[in-house]
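Some notes on the structure that comes next.
Scope of the values below: all heavy atoms of this structure, side chains included, with no hydrogens, waters or symmetry mates. Keep in mind the model is a prediction, meaning the values are calculated, not measured. Every chain is numbered from 1, with letters handed out A, B, ... down the list of sequences.
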Amino acid sequence: MPKLKSAAALAARRREIQERYKKLTTVAVTDGSDGRTRGSRGVAQAFRDEITKQGLGDKVIVRQTGCQGFCEQEPTVLIMPGETCYVGVAEADVSEIVTQTLGRGEIVTRLLYTDPATGQAVAKESDIPFYKTQSRLVLGANRWLDMLSIDDYLALGGYAALAKALEMGPEAVLDEVKKSGLRGRGGGGFPTGIKWETTRNAPEATKYVIVNADEGDPGAYMDRSLLEGNPHSVIEGLIIGAYAIGARQGFVYVRQEYPLAVANLEVALEQAREYGLLGPNILGSGFDFDVAIHRGAGAFVSGESSALMTAIEGRVGEPRPKYIRTAFSGIGGKPSNLNNVETWANVPLIINRGAAWYAETGTKNSKGTKIFSLVGKVNNTGLVEVPMGTTLRQIIYDIGGGIPGGKKFKAVQTGGPSGGVIPESKLDTPIDFDELNKIGSMMGSGGMIVMDEDNCMVDVARYFLDFLAGESCGQCVPCREGIHQMLKILNRICASEGKPGDIELLGEIAEVVQKASLCALGATAPNPVLSTLKYFGDEYRAHIKDKRCPAGVCQDLIAYYIDPAKCQGCLICLRNCPAGAISGDKNLIHIIDQARCTKCNTCFEVCPPRFNAVRKISGEPLPEAVAPGTAVKRKRGEQDE
Amino acid sequence: MSEVSLTINGKEVRAKTEATILEAARSAGIDIPTLCYHEQLRPRGACRLCLVEITQGKRTRLVTSCVYNVAEGLKVETETDEVIKIRRMLLELMLATAPGVKKLQDYATRYGITRSRFAVEPDFCILCGLCVRYCTEVKGKNAIGFIGRGTRRQITFFPDIATVECPQCGECFSLCPTGVLPSNYALAKLPHFSYGAIRL
Amino acid sequence: MAKQKNKSAFVGLKVTSEQAETLARLQRTLKPGTKTEVLLKGLELLAARTADASPPQPREILSPAPELAASDELERLESQALRYLSDLQETRNRSEEVMRRMVKNIAQTDKIITHYGSDRNYLIQILLDIQRDNRWLPRDALMWVSEKLDIPLSRIYHIATFYKAFSLVPQGRHQVSVCLGTACHVRGAPRLLEKVADSLQIRPGETSRDLKFSLNTVNCLGCCALGPVMVVDEAYHSNPTTAEMADIFAACD
């Protein structure tokens, strides 16, 4: 790769590459971490082999791309031009696709996505309901980029923003980012331009810029997909930021649980260096800048800004009381600007197309788009990018396709362990930093976990507290001891040992933990408890007073019971019970021995839906057992089985 | 040396610019409870007992007085209802793990707590960190350190260093609010102690 | 045994010439009185002792009193002595093995430290590489890092025990992890964990006795569409049944 010594050289190189790609058909195979678990690597290789075999090598290019968002349907394959999108592709399907679609321009209908609402197959990607109302300004680039190709990124217009920024000068760049209204995408929502300005104005020569790629919120994986699929967008944003701020050294702090992201990032940085887009005298501008990677080692709290910077110094990644902003005094006491992966990825867009254009998307106080990971009890699990202002209902139903299995929506949890649950009554809330705060939750990094009637909200609160108890660094009393005591109370409640006064005590401890904790982990730890109490207080009261778990989740509060009126004596549950707790015989009513039952839920899952004979009983005494050896009751007219 | 003027509990106090609120308060005879603070050590703001309410301009918030720098015109309140509510809960929480510690019992009496509502789970250590920081900052020996995180955070002596340094020193023993530190050290000297035993 | 001044004192020990070279170089470049020098002195002494001629045969021990040769008691003493000598020989062999490992650890650790420019800011990265290469953090490696980078052992142990990625005891050859992230939790991850623990016969955080498997929980791998997820080495599995699990584990060597 030739070193690009000027903006003109970059532009010329871009034209060269675009010329090369101009007449090619591209086959983009989604090959991020989730795709790989379903065999996408094999699919990509099969394409390469088959294309060579059929002599199409000079007309078709295969790209292994990062996640496209439609994770539930992976491996997906997108063919351009034409936008033909095949879903659930297996290696065995590849030769057919190559022969028919690449060879003859015909579509393989059976591999198209079928819209469950209409029953129709959808040929073009942009017509698929999942994608239709999205606005994939940031994540959309993934489909054009082989994960390991900087040339693909250049062809797409990559690094043009950098060239433009170097032309504009640092103050103009800073101004543009301020005017755009970009706010941090990591959870804090702090105005990015102001953070940059604070760092720029700090009276120290040495400054740092940092990418927070720790993405600790469980259920959130937007940053992983950006780093795997389009690391250059983040690198370009970082270089532009460094230029505007006056930093010569950058860091990417990435969690080690993302090995593919780390690997792809390393390759991308090396490629950028080879082209002269990183290192000394970038594009002949006289600006020197380079980037080093720091891997995390498995601690959620190390994603907190002061903790992260301490870890970059090789010390234990624990937070410090932050009365002086890290933008003034961060790594080694030097001004350090920390932003989230997605925040950095938005920067090239803003520079390329201007702050005014950027500010046209979104709401008054939340500009641009946001990527969410829509997961849990939802049909179209995956990554979703929408303009700020889109409502939660639109995301869950129009894009997400609603709740599977005909179940009833119960709540959606946003903001990770620092956030809260949002009930059905609030689903028309628009996605907006301030609007979500108002209803007791927060935007967070983008995790959006959908829950249905089979999820217990007390159990959800307990889950989050358990998570935080394990992740607390333990320095300060309110977080370390307060969370521990709140968890003990919740454990008792779920174990049918709730007492009157528990809810009040939870509230008392929560208030102190919120106000007195050293860092945001502690300060926001009570949020899941407080928001579930606010919207689902009845569930807590049922657990405590009636010893009942309405959702049928908390094992100590439920008993499994086979309804004698419905049991058809088919032996399925009896054979599958791992504890041997079910007695009965063919055509005789099956009976669960409560003393042996381990509440594993297997009988509930395997009882044929047409019988639906297993019930979860909670908060009431079990009906009297039938005598062993009782014959089943058949509906009139049915034969004996 | 330049000074600033601030108000603590309605009383005007003068302090050096680089002083913390806690130092300024102490010099004015105002007692703010502390656990993890020591004059010879860099303040950590870990125990949170020294939280006070400050008002700067229109903004009021809670800060740890051991870490927060004084400023001209700063208004400080050390015993508001909210501050007391927080201290009471912190003491209740700490008394669950360290019921016999005199310093905590004295504070509990001062703030009207007779018993903790939390079940007692006694530990030998209240994780104030004074011993660890003393050995690192004052003695420079690092014979004792923190390991683990969350409720599994604990202190440990490192036998190779401790068996050599501690017999001549032992200065951290008197800093320990629980008085159990010397026993902890004795345990570390036993031959079966090994690093593999640090299992959390 | 006289030490030849120009040769490495470790030549009598069964290390490769490359290792002997490394140790000789380390000897030359170290400050006197440091912990490392003490360590190396210890290795030297051990080398000296194992370079001894092979131990005497039992007959030689008993030879001063040949008139006692025929008694039962003597035969018993003889076999006891033989057992003692074979134990001693085994200990000597094992200590060579231990020393070999220590020397190897130190050399490998040194390479990792140099790769990061001996920069203390990269301590956590250095430890991650040591963990990756050894499947745990051996004590000698940590002591070497402490010495070479002038970082107190207490800080290294705090890091080693603070982060989930590190282990102070050897981990199994195969890492089995179950994701307990929120999305996996709502899809039943706790039940999956129970099934995996039963199948492997170890609890989360434990390693099987034959050092084959280690079971751990993780807090989000970022493939929520597949939840609940179990990872074996680098392969991800979506909601495996008990039968599928058994096949996967049986396929690990």
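Listed by sequence position, A:Ala311, A:Ile312, A:Glu313, A:Gly314 are the residues of residues 307-314 of chain A in contact with chain C, using a 4.5 angstrom heavy-atom cutoff. By a heavy-atom distance cut of under 4.5 Å, C:Leu128, C:Asp129 are the residues of residues 126-138 of chain C near chain A, going up by number.
A:Phe70 does not touch chain C: none of its heavy atoms, backbone or side chain, sits under 4.5 Å away. Only the side chain of A:Gln555 comes within less than 4.5 Å of a heavy atom of chain C; its backbone N, CA, C and O stay farther away. For A:Arg224, the part sitting under 4.5 Å from any heavy atom of chain C is the side chain, from C-beta outward, and nothing else. For chain A, the nearby part of C:Arg191 is the side chain; its heavy atoms alone come within less than 4.5 Å. A:Val301 touches chain C through its side chain: at least one heavy atom from C-beta onward sits under 4.5 Å away, while N, CA, C and O do not. Within the 4.5 angstrom heavy-atom criterion, only side-chain atoms of A:Phe467, from C-beta onward, approach chain C. Interface remark: A:Glu471 contributes side-chain atoms only to the contact with chain C (heavy atom separation under 4.5 Å). Proximity to chain C is limited to the backbone of A:Ile293, based on heavy atoms less than 4.5 angstrom apart. Of the atoms belonging to A:Cys456, not a single heavy atom falls under 4.5 Å from chain C.
For A:Ala299 against C:Phe162, the heavy-atom pair with the smallest separation is CB-CE2, 3.9 Å. Heavy atoms only, all atoms of each residue included: C:Phe166 and A:Ala297 are closest at CE1-CB, 3.9 Å. Residues A:Gly376 and C:Ala183 approach most closely at N-CB, 4.4 Å, considering heavy atoms. Residues C:Gln125 and A:Arg295 come closest through the heavy atom pair OE1-N, 2.8 Å.
When the candidates A:Arg36, A:Glu257, A:Glu72 are compared by the number of heavy-atom contacts under 4.5 Å with chain C, A:Glu72 comes out ahead. In terms of non-hydrogen atom pairs under 4.5 Å with chain A, the most contact-rich of C:Lys195, C:Glu194, C:His237, C:Lys164 is C:Lys164. For the set A:Ser33, A:Ser302, A:Ala220, the count of heavy-atom pairs under 4.5 angstrom toward chain C peaks at A:Ser302. Options A:Lys377, A:Met222, A:Arg315 differ in how many heavy-atom pairs under 4.5 Å they form with chain C, and the most are formed by A:Arg315.
Contact check for A:Asp34 versus C:Tyr236: no side-chain heavy atoms found under the 4.5 Å cut-off. When side chains are defined from C-beta on, C:His185 counts as touching A:Asp459, because their heavy atoms get closer than 4.5 Å.
With A:Tyr463 contributing its side chain and C:Leu180 its backbone, the two residues share a donor-acceptor pair below 3.5 Å.
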